[in-house]
Amino acid sequence: VTDWVERVLAGDTRAAARLCRLVDDQAPGYREQLRALHRVASPAYVVGVTGTPGAGKSTLVDRLVSAYRKEGRRVGVVAIDPTSPFTGGAILGDRIRMQRHFEDPDVFIRSLATRGALGGLSRSASDVVHVLEAWGASVVLLETVGVGQDELDVTRVADSTVVVLAPGQGDDVQSIKAGILECADVFVVNKADRPGADATARDLENMLALGALSLAAVQAAGGHSAGHSAARLTVAAGGGSGWTPPIVKTVATTDSGIDELAEKLAGHRAWTLTEEGHALRAERTRSLLEGWLREELGRMVADQLGPELAAAADDVLSRAVDPHGAVEALLARFRAR
Ligand SMILES: Nc1nc2c(ncn2[C@@H]2O[C@H](COP(=O)(O)OP(=O)(O)OP(=O)(O)O)[C@@H](O)[C@H]2O)c(=O)[nH]1
Ligand SMILES: [Mg+2]
């Protein structure tokens, strides 16, 4: 069992693939193995790439892989395979778009299914990132479609998040859900060869100038991402310079703008190592852990109180008890265990 760990640490790609599968299956003992890796692996720079469906995320990731490979770095790619109705054949598409890297022994590409990710998608993504770090990746690119909260949470595993938009998708900036925009450390307006790219970039600039992103974020946050956006506001209000996401125009298909994107990412990476940046990362990690804690607690409650919850529902419907009273009674029983 520890054999796998040793082999992954020695940079063995097949062992890394094997360990990823054990993690996927949550095979017995996988957490111990991850813990062993986590203790000794050097942290990779993790870049989240999210945005609207079809904006060119995979093409962009493919180009970033090339850019980082030119620097001689080992690169990991984790593509979240959206089984959502938005994008059907994502895996096949990704394989085609990243084809030339499949042959490269210093690139490790791994897909993660969004459905059936026991324990939450962000947790699976984080686990796989740790395997790739141990394998020797110094940078890990994490692609996910920003369609749901679960997918967006994945970006909190990242040190820097790129939000990719494209013109002419019928989604002017105002109509994109605030949750996506709020994740951005760097914006990319891809498909700059298409009409409307300048307008999209201008819209983003205006929103940033108005501070509308932070405000929109707080309003849209509701419960889920409140921690995330509150941290952003705190950073902005803390007297520091904060971080204003730069906007980069790219044509991923022709490699245009990729160097500039890599530069902006390096700039953000450097900022995250400042005191301010560190505070934001700490807040993201805190809210990530809080999310995982909620999941575990939710599972515990469902496991322990499932039948009683159903009985309580009957009691509430028959008016034997009021809803608040029912919840209080259930909680009291849960605590007593
Ligand atoms: N014209 C143009 N087309 C592009 C550009 N970048 C990507 N595309 C094309 O846009 C389509 C979608 O690209 P992908 O990279 O698969 O986009 P994606 O965001 O990963 O898509 P999903 O993962 O399915 O949401 C492909 O046909 C690409 O060739 C670009 O800069 N300009
Ligand atoms: Mg894709």
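Count residues from 1 along the sequence. Whatever order the structure lists them in is the order used to number ligands and atoms, beginning at 1.
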*If you measure from atom 30 (C) of ligand 1 to every heavy atom of Thr52, Thr253, Val189, which option wins on shortest distance?*
Thr253
*Arg269/Glu263 salt bridge by N-O under 4.0 Å criterion*: no
*Do any nitrogen or oxygen atoms of Ala192 lie less than 3.5 angstrom from nitrogen or oxygen atoms of ligand 1?*
no
*asked:* Other residues, nucleotides and ligands only: do more than 12 of their heavy atoms fall within 6.0 Å of CZ on Arg337?
replied: yes
*Residue Ser58 vicinity, atoms of ligand 1 by number, heavy atom under 4.0 Å*: 15 (O), 18 (P), 20 (O)
*Is ligand 1 under 4.0 Å from a heavy atom in the side chain of Val164, in the backbone, in both, or in neither?*
neither
_If the cut-off is 4.0 Å to any non-hydrogen atom of Asp193, which atoms of ligand 1 fall inside it?_
1 (N), 2 (C), 30 (C), 31 (O), 32 (N)
*So, Tyr45 versus Ser160: side-chain donor-acceptor pair below 3.5 Å or not?*
yes
*Can a donor-acceptor pair be found between the side chains of Ser58 and Glu143 at a distance below 3.5 Å?*
yes
*Nearest heavy-atom neighbours spanning Leu141 and Tyr68*: CD2-CE1, 4.2 Å
*In Glu143, the N, O or S atom nearest to the Mg ion (ligand 2) is which?*
OE2
*asked:* Applying salt bridge (charged side-chain N to carboxylate O under 4.0 Å, His left out) to Asp127 and Arg35, what does each step give before you reach the verdict?
replied: CA-CA 10 Å; Asp127 288 347; Arg35 213 164 291 145; over 6 Å; no
*Just checking, is any N or O donor in the side chain of Arg73 or Ser138 under 3.5 Å from an acceptor N or O on the other one?*
yes
*Has ligand 1 got any nitrogen or oxygen that is less than 3.5 angstrom from a nitrogen or oxygen of Val251?*
no
*Please state whether the separation between the Mg ion (ligand 2) and some N/O/S atom of Ser58 is under 2.8 Å?*
yes
*Between Trp292 and Ser122, does any side-chain donor sit less than 3.5 Å from a side-chain acceptor?*
yes
*Purely on distance, is any nitrogen or oxygen of Gly54 under 3.5 Å from one on ligand 1?*
yes
*Looking only at non-hydrogen atoms, which of Arg194, Glu143, Lys191, Lys249 approaches atom 9 (C) of ligand 1 most closely?*
Lys191
_Can you name the atoms of ligand 1, numbered from 1 with element, that are less than 4.0 Å from a heavy atom of Val145?_
25 (O)
_Can you confirm, on distance only, whether ligand 1 has an N/O atom lying under 3.5 Å from any N/O atom belonging to Thr250?_
no
